[in-house]
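In each ligand, atom 1 is the first atom listed, and ligand 1 is the first ligand listed.
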Amino acid sequence: MKNISIGLFGFGCVGQGLYQTLNQSKNFAGYIAKIGIKDPRKKRELPSHLFTTDALSIIEDPKIDIIVELIDDASAALEIVVSALKAGKSVVTANKKMVAENMQLLVDLQKETGNAVLYEGAVCASIPIIRTLEEYFGHEPLTEVKGVFNGSTNYILSRVFHDKLDYETALAQAQDLGFAESDPALDVEGYDAKYKLCILISHTFGLHVHPDQVLNLGIQRIKSADLEYASAHGWRIKLLGHAQRIEDKVYAFVMPRFVPINDNLATTENEYNAVVINGEFCDNQWFTGKGAGSLPTGAAVLSDVSALSYAYKYEYKKESHKENVFFSNDSPVKIYASFQSPEDVLLNDFDQVIEKYFSYDHCYVVGTICLNKLRTEIWQNNPHINVVLTADTLDNSLGKLCVNQLKVEIDELKKGQRLRKKLMLQL
Ligand code: HSE
């Protein structure tokens with residue numbers, strides 16, 4: 001096997017994880033030839049001749065076989081990836097924001113240049129889900145992909161529930177353990193999970209959905225009253241990403257959700273992630289593993305580097321279906337929304353109210369509301385409103401009730417209302 005020489009960009013948590021896994025792997029022939037960095041003054045453990053701030057000298061070096069991009073900044077990452085592809089090199093990246101926001105461009109550039117971009121490490125770290133969707137499920141009509149896609153928030157929620165830690169302490173721990181993004185708002189507000197969800201949507205349904213189109217509500221507004229409400233019902237709260245195809249429409253969102261304590265998603269703890277897919281033939285499939293951390297992410301990157309060594313490429317097998325499916329936010333979802341005071345309550349936005357509770361410092365409403373409504377500014381920006389999807393589930397399949405059945409129920413309800421109006425007019 002050829003000894004692969006790697007041009008690495010970034011030597012943070014994941015870059016060091018790659019270095020370690022590469023050195024400890026028994027049967028992979030590869031080495032890091034050069035490392036591109038931003039700050040040459042920073043103290044590093046490897047010899048200084050390995051580091052350079054001259055990105056082009058790495059990308060254009062004929063002795064370097066492949067580029068591994070592991071930096072934080074999505075725009076700089078895109079520049080590196082595009083230049084590398086154009087310079088004739090294949091790339092491994094773990095930058096989920098960059099991939100999610102530029103999926104169509106990356107697909108087109110790969111076709112144009114014949115070089116590959118692999119990004120298994122960008123989605124749920126150690127869970128080998130992208131290649132599984134591409135290869136094993138390449139020909140299966142999939143209907144749903146959902147799960148716990150963010151290790152930091154899952155860690156925070158686990159510690160808050162089990163150890164009764166306060167939110168800030170749990171977040172600081174997630175940062176110390178190297179799980180959180182440099183800007184942890186990306187984790188707790190659900191952006192990180194949304195980028196991963198968008199990448200999964202591309203490989204599940206062949207549809208490239210820009211993250212701006214997808215609703216994300218995070219865990220930062222969860223109050224102790226919400227935690228008490230969950231515990232009193234025998235539920236936990238998990239931050240879930242969810243995409244579902246119903247006929248020709250794909251619905252997707254990232255939101256906290258009440259999960260019964262005996263559900264597999266509830267027992268996915270700490271930095272572990274879970275991906276659940278549903279297919280017309282295979283039915284329900286579960287994947288679980290560490291979704292954050294230096295070594296699990298480094299291992300996913302190493303696996304992609306190894307895949308490039310035998311010229312592996314994603315074929316985007318589902319892309320041929322993309323003309324037949326559309327992304328939509330026109331579905332109702334069933335939520336619990338808590339408000340700090342009665343003035344905050346947005347009762348009129350609900351299609352249907354099932355339960356109401358008002359007290360001077362805590363109010364909540366359980367009901368159905370359209371995803372489009374939750375994307376409006378007031379729901380997005382009011383720090384006193386917290387939204388959690390309800391726990392109603394059928395046969396352990398989260399979300400089916402939330403989107404599918406509710407749509408039928410509401411259509412029936414509207415039909416009934418129209419019929420009643422018609423009858424009243426006739427009377
Ligand atoms: N901040 C991310 C997480 C890292 O917590 O899941 C892995 O993508």
Validation row: Leu142, Val145 side chains within 4.5 angstrom (heavy atoms):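 With C-beta onward as the side chain, the pair stays apart.
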cation_pi(Arg245, Phe205) dist<6.0 Å, angle<=45: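 No, Arg245 does not sit over the ring of Phe205.
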Ring-face cation of Arg44 near Phe51 (centre distance under 6.0 Å, axis angle within 45°):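 Yes - Arg44 lies over the ring of Phe51, closer than 6.0 Å to its centre and within 45° of its axis.
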Flag, side chain of Glu134 to backbone of Glu315, donor-acceptor distance under 3.5 Å: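 Yes: the side chain of Glu134 pairs with the backbone of Glu315.
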Residue pair Asp330 / Tyr251, side-chain donor-acceptor N/O under 3.5 Å: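 Asp330 vs Tyr251: donor-acceptor pair found between side chains.
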Residues in contact with ligand 1, criterion: heavy atom under 4.0 Å: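 Residue list for ligand 1: Lys96, Asn150, Gly151, Ser152, Phe179, Ala180, Glu181, Asp187, Asp192, Lys196, Gly291, Ala292.
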Whether His208 and Tyr316 hold their rings parallel, tilted or perpendicular, with breakpoints at 30° and 60°: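 Perpendicular.
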